[in-house]
Protein chains: 4
Amino acid sequence: MSQRQSKSEAAGNRESERRRTILRAAIDVFARKGYHGCRIADVAREAGVAYGLVYHYFKNKDELLETVVETGWSGFVSRMRAVAEDEGNSLEAKVRGIADVAFEAYRVDPRAVKVLILEVARSPAGTQVVSRQQAFLDTIRMAADMFARAQGTGELRADLDPMLCASLLFGAIELGLTAFVSGLMEDRSPEALDRAKLQIAESFLRGVLPGAATSAEAAWKQEKVSSGTRPKAGKRS
Amino acid sequence: MSQRQSKSEAAGNRESERRRTILRAAIDVFARKGYHGCRIADVAREAGVAYGLVYHYFKNKDELLETVVETGWSGFVSRMRAVAEDEGNSLEAKVRGIADVAFEAYRVDPRAVKVLILEVARSPAGTQVVSRQQAFLDTIRMAADMFARAQGTGELRADLDPMLCASLLFGAIELGLTAFVSGLMEDRSPEALDRAKLQIAESFLRGVLPGAATSAEAAWKQEKVSSGTRPKAGKRS
Amino acid sequence: MSQRQSKSEAAGNRESERRRTILRAAIDVFARKGYHGCRIADVAREAGVAYGLVYHYFKNKDELLETVVETGWSGFVSRMRAVAEDEGNSLEAKVRGIADVAFEAYRVDPRAVKVLILEVARSPAGTQVVSRQQAFLDTIRMAADMFARAQGTGELRADLDPMLCASLLFGAIELGLTAFVSGLMEDRSPEALDRAKLQIAESFLRGVLPGAATSAEAAWKQEKVSSGTRPKAGKRS
Amino acid sequence: MSQRQSKSEAAGNRESERRRTILRAAIDVFARKGYHGCRIADVAREAGVAYGLVYHYFKNKDELLETVVETGWSGFVSRMRAVAEDEGNSLEAKVRGIADVAFEAYRVDPRAVKVLILEVARSPAGTQVVSRQQAFLDTIRMAADMFARAQGTGELRADLDPMLCASLLFGAIELGLTAFVSGLMEDRSPEALDRAKLQIAESFLRGVLPGAATSAEAAWKQEKVSSGTRPKAGKRS
DNA sequence: AATGAATGAGGTTTCATTCAT
DNA sequence: CATGAATGAAACCTCATTCAT
């Protein structure tokens, strides 16, 4: 590649730059006031662009939200899926991995996560284009499949409903994040986030894995003391 | 006494009857389309009354939602609080009691629960009157207090953040209910609901109570099979 | 007359009593908020009667105002007319009589006068039933006739337009009263009212009666003839 | 420079052009139907613009009226003030100047004057933002000050209340204009207007300037008491 | 006669979307 | 690309009037 970009490339970059500015602004405003509570004018003002420019890049307000969601959600889901469907991993590792993905997303962009939680996870059925609601439900179903498979291999207590397990996991993660988003948790330092993530994963696992104390838990307890080796379980160093 | 009520009584009943009809309709419509997605006209049509009558009983749309929420939420919260602050109960009993309250509310009036979940639990901070958002957060804080006290008596693992525990519990319950609300769970029979409630409470407790299996769990296990011991489980690599 | 009234008389009195209560309330509320600024509910509340009763006695809101005006205005006008058309009186006596009538009306019922000023004297042409606007204009015309006759007898300067004289007189009276109504005049004692009445009548008469030209008038007349040097007095060339 | 304006200038003109069009339309419609009697739709139709554009330039209906009033009134008042406070002028010149200003305003824009008279001068106190009513009263007070100063220099009869004089002057002018506005005066030619202006100013001055008592006044005085020597006069007891 | 709940037309206001420059 | 004025449908809310009791 030459150091100078071709004209169209430059334009393309310029365009996508503007586009991204607007998208960014939309996320911020949606996070602050909600989709219904904000006007296109708010997004434009936040982005520092002219009113009409929003319509240059997005067909309408709904597409704007759609794009926000897709952008934020698709990466999230694909990372989630990668973790959940990596058959090389134990269920425990997968669960910890999912928690990692969620909390990492929050660390990187809490506003975007807030929008996803507010506008995607919840919102009346009829209101929106199918995809939005579907996206969330599909993710839960994916997790449910994961749990169902785990039951097949004896990694999950057989008496639990896999769908319910999936709901519990996401419920725990979501309200855990909500606690941060809403200000219920006063300490929002990276360490606090990490602690929360571990407690959530660990409590969930303790609750659903077969047997008494899980090895994971044992390991985790040990980790506190020494340097607990653990097979590729997410990002923990 | 005669079978007819006195005039004022009849009027009083009539009034509150109408009022309740409208409130009921509002719950239904909010549940179906969300607060923003519905028009006063929808509520009026659903209630079978004239447009303006809604404004006879409620100052404006917002007060209507406020009333819906207050009505539904206050009963819910007070029952919740009664359970959580009954010091005669063990933590386990309290947690099960809270699950009972939530699922019973859903059984009695799923629509109302849906509205509470959609419009109260989540919704951008600045938008609403304090009370709505506050109500939800206060409930979580109440549960957090409960868990903190339980740590004092050794009923809860000392290494867990009480606030996080509260979030987990409500997250599990909420997304468990959401699974029903959203149609993720196909079987919505009372039995299925009950099963879900038990699984949620039990998994949560298993996850957060100190020690190995809880007494409840032990009982439950026995009830199910006989020897469900599984060899330390761990991970199949 | 017997001391007891017949039943129908009693009823009639009761009725007119209620009716008068409502009329009274309407005057007060109209005076306070204006016709457009008040609701039937305000009138009912002020009168201490039920909402619908207003409609029992008056066909609609407009008729209510109409009645207020008629009641207040007709007495006013007939007294005015009696003074203006009493050919036994000099013009001066008539003018003073008109001022008497107006200020007496104000003394007796300042609110009613306020309503008459606000809602009758002024108000866009098309808006109202003819009668209201007409009533006011007719009164001015009546006074104009009076002035025209006075010109015939030499009691009024021949160079003045009678219609304009009428306007001036009522303008002076009206804004004089307005000064009291609006609070511009701090002293609202009966004595102050009387003083104002006399000053108004006297100044008006001094201005319009024939007789020795005042120095000011003389100067002005001269200007017309010669080149009236006047120290930069506005736009006159 | 080219004959074409720069873009921003053009835009600026365009904007204020539209704004002025709407303001103009509002004046016309208010004059025709009154503030309460007209709908925003009427203003928009009159201006030949879309419904919503009115709200692009004015926050709401009330601000529209407010702006109409301010625009029309402020120029009027400042011109009035210039005349009233020009100490190089005699009282007589000032009074004539004020009449000039008022009638000139009417000649230039009778509709606007009508609105000012209808919606500003009179209208219930509580209804409006302070400024509107205040503006009118302040103007009267300004004139009252002028008259008070004139009493200090002996230019005005000492026995008159300055505030009342101001009321008389504006009452005369206002109802004089009303006579034209309302159609009482059939001849509305510039000459007729001029004639009216002169008669008003002259009659007023004749009435309030010191100087030889008119015969009428003399007669009246005699009738009342006996020794009505005037000079210092003060308030009659 | 008296009450006040019920009705619904009519007005205001908002704001997504289009369009001319 | 960029701008922001212009558009108008759609929602909210008010309140005069009617009606059942």
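Within the model, atoms CZ of A:R24 and OG1 of A:T71 stand 10.5 Å from one another, a figure rounded to the nearest 0.5 Å. From A:E46, atom CD reaches atom NZ of A:K33 across 9.5 Å, with rounding to the nearest 0.5 Å. In this structure, CG on B:N60 lies 8.0 Å from CD1 on B:I40, to the nearest 0.5 angstrom.
Atom CG in A:L64 sits roughly 16 Å away from atom P in E:dC15 (whole-Å rounding). Straight-line distance from the OH atom of D:Y35 to the C1' atom of E:dG11: 12 Å, rounded to whole Å. One interatomic measurement links the two molecules: NE2 of C:H36 to C1' of F:dT14, which rounds to 15 Å at whole-angstrom precision. Atom-to-atom, OH of C:Y57 to C1' of F:dA16 comes out at 20 Å; the value is rounded to the nearest Å. Separating the CZ atom of C:F58 from the P atom of F:dA16 is a distance of 15 Å, rounded to the nearest angstrom. Atom CG of D:N60 and atom P of E:dG11 are 17 Å apart (whole Å). If you take CD of A:E63 and C1' of E:dT18, they are 16 Å apart, rounded to a whole angstrom. One interatomic measurement links the two molecules: NE2 of B:H56 to C1' of F:dT18, which rounds to 14 Å at whole-angstrom precision.
Toward the 5′ end of DNA chain E lies the nearest nucleotide of C:V54, the other residue of the pair C:V54 and D:A41 mapping further downstream. Between C:K59 and D:V49, the one whose closest nucleotide on DNA chain F sits nearer the 5' end is D:V49.
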Under the criterion side-chain contact (heavy atoms from CB on, under 4.5 Å), I'd like the reasoning laid out for D:D62 against D:Y35: C-alpha separation, chi angles, the key distance, then a yes or no. CA-CA 9 Å; D:D62 209 67; D:Y35 177 71; 3.0 Å; yes

Stepwise side-chain contact (heavy atoms from CB on, under 4.5 Å) test for C:R111 and C:R32: CA-CA 8 Å; C:R111 307 244 220 212; C:R32 210 160 45 237; 4.3 Å; yes

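Look at A:Y55 and you'll find a side-chain N or O under 4.0 angstrom from OP1 or OP2 of E:dT17. Contact annotation: D:R18 does not reach the phosphate of F:dA5 (side-chain N/O to OP1 or OP2, under 4.0 Å).
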Below 3.5 Å between N/O atoms, which protein atoms pair up with nucleotides 9-11 of chain F? Just atom names and distances, please.
| residue | atom | partner | partner atom | Å |
| --- | --- | --- | --- | --- |
| F:dA11 | OP2 | B:R39 | NH1 | 3.0 |

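Under a 3.5 Å cut-off, the side chain of C:K114 and the backbone N or O of C:F30 do not form any donor-acceptor pair. Judged by distance alone, with hydrogens and angles left aside, the side-chain atoms of A:K59 form no donor-acceptor pair with the main-chain N or O of A:L64 at under 3.5 Å.
The only member of A:V68, A:L65, A:T67 that meets side-chain contact (heavy atoms from CB on, under 4.5 Å) when paired with A:F58 is A:T67.
Closest to the side chain of B:L53, from the set F:dT18, F:dA2, E:dT7, is E:dT7.
The rotation axes computed at either terminus of the helix from E:dA2-F:dT21 to E:dT21-F:dA2 lie 0° apart, taking five pairs at each end and rounding to 10 degrees.
In this structure, the side chain to side chain contact (heavy atoms under 4.5 Å, CB included) partners of D:A47, at least two apart in sequence or on a different chain, are D:T21, D:I22, D:A25, D:V49.
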